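All values reported here derive from a predicted model rather than from experimental measurement. Start at 1 and go down the list; that is how both ligands and their atoms are numbered.
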Amino acid sequence: MKKKEELLSQIDKVVRTCHKCRLWRTATHAVPGEGSATAEVMFIGEGPGYHEDKIGRPFVGRAGKLLDQLLDKNGLNRAHVFITNVVKHRPPDNRAPMKDEARACMPYLLQQIKVINPKIIVPLGRSALEIFLKDTLISEAHGIPYKSGNRVIFPVYHPAAALRSRSVMGILDKDFGNLPKIIRGELQPQEVEVENGDKNQLKLI
Ligand code: SF4
């Protein structure tokens, strides 16, 4: 069996030459994601921004610095987690990914999840939350650990939203503070009831 690192680098390679949606046309670099191939915790943001697009690495701008601080404050660091995005090329003008773009890019994210097999997935903000819980607001779902098979889904606000609002910063800081407890299994996740949504959504992951 191929090593996890090898499988991740194969996914990276395909992403770097992917033309499945329009986003590659306006991007400088693909940003497949980075971190440990055996990470217990996987963070999923929305898409690469200006700085990420320039150098091909996820969360390297101001939002990334905040993410680093939050990781550090809670005894984690980039070497022990995996960080990626819903779409791997930058949407122009930092707009949110369109539905067809997120759909086109989804197989890469699902492959990354399958290879890494993280215990906890942390969707950062609305676009990533949408993958796991359809029609749910991040303002309602943040900070609540949800059970999905053997995994825990723990949505939090996107760090960029926290940079725009002091109150969101406080909420994000508080939610992040519970992450170590979830890793240690001290906070029990809720069973998810998906109403009117795609019940297969969570089963995919
Ligand atoms: S965003 Fe995803 S689907 Fe679209 S071109 Fe990039 S890698 Fe391919």
Side-chain angles (χ1 to χ4, degrees), residues 2-39 41-64 66-67 78 81-118 120-136 138 148 151 153 155-161 163 197-198 200-205:
K2 283 189 179 156
K3 282 202 176 125
K4 284 174 179 247
E5 287 83 1
E6 221 175 297
L7 292 168
L8 284 182
S9 87
Q10 278 176 5
I11 298 168
D12 284 15
K13 224 182 259 178
V14 179
V15 162
R16 288 184 205 288
T17 55
C18 177
H19 292 175
K20 282 204 298 174
C21 81
R22 62 188 76 76
L23 293 180
W24 71 275
R25 292 181 184 279
T26 46
T28 311
H29 290 106
V31 185
E34 66 181 31
S36 166
T38 55
V41 187
M42 182 174 187
F43 293 88
I44 306 173
E46 183 171 87
Y50 175 84
H51 298 284
E52 291 75 17
D53 178 60
K54 285 274 170 255
I55 63 170
R57 293 185 54 216
F59 281 88
V60 290
R62 283 179 66 221
L66 175 56
L67 181 60
R78 281 188 186 237
V81 302
F82 193 87
I83 304 173
T84 187
N85 285 298
V86 172
V87 291
K88 317 298 193 199
H89 282 97
R90 182 193 181 206
D93 305 320
N94 288 346
R95 66 161 168 76
M98 291 179 183
K99 281 209 162 97
D100 64 323
E101 295 160 353
R103 210 178 304 124
C105 214
M106 190 61 59
Y108 302 129
L109 181 61
L110 295 179
Q111 285 164 22
Q112 288 172 323
I113 292 171
K114 196 170 167 199
V115 170
I116 297 165
N117 195 19
I120 300 159
I121 294 178
V122 183
L124 299 164
R126 184 177 58 85
S127 294
L129 174 65
E130 178 81 357
I131 298 168
F132 303 95
L133 295 168
K134 269 202 178 306
D135 304 323
T136 307
I138 189 71
S148 167
R151 266 188 252 292
I153 311 297
V156 299
Y157 276 101
H158 194 288
L163 291 172
D198 180 355
N200 293 322
Q201 193 87 1
L202 280 162
K203 287 182 192 153
L204 276 174
I205 316 292

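No donor-acceptor distance shorter than 3.5 angstrom exists from the side chain of Glu34 to the backbone of Arg78, with no hydrogens or angles considered. For Glu46 (side chain) and Arg126 (main-chain N/O), no donor-acceptor pair under 3.5 Å exists by modelled atom type. Between the side chain of Arg151 and the main chain of Pro118, a donor-acceptor pair closer than 3.5 Å is present.
Taking a 6.0 Å sphere around CZ of Arg16, one finds it holds more than 12 heavy atoms contributed by other residues, nucleotides or ligands. More than 12 heavy atoms of other residues, nucleotides or ligands sit less than 6.0 Å from atom CZ of Arg95.
Set against the non-hydrogen atoms of Tyr108, the atoms of ligand 1 under 4.0 Å away are 7 (S).
Under the side chain to side chain donor-acceptor pair (under 3.5 Å) criterion, Asp53 pairs with Thr28, not counting sequence neighbours.
Taking 2.8 Å as the limit, the number of protein N, O or S atoms around atom 6 (Fe) of ligand 1 is 1.
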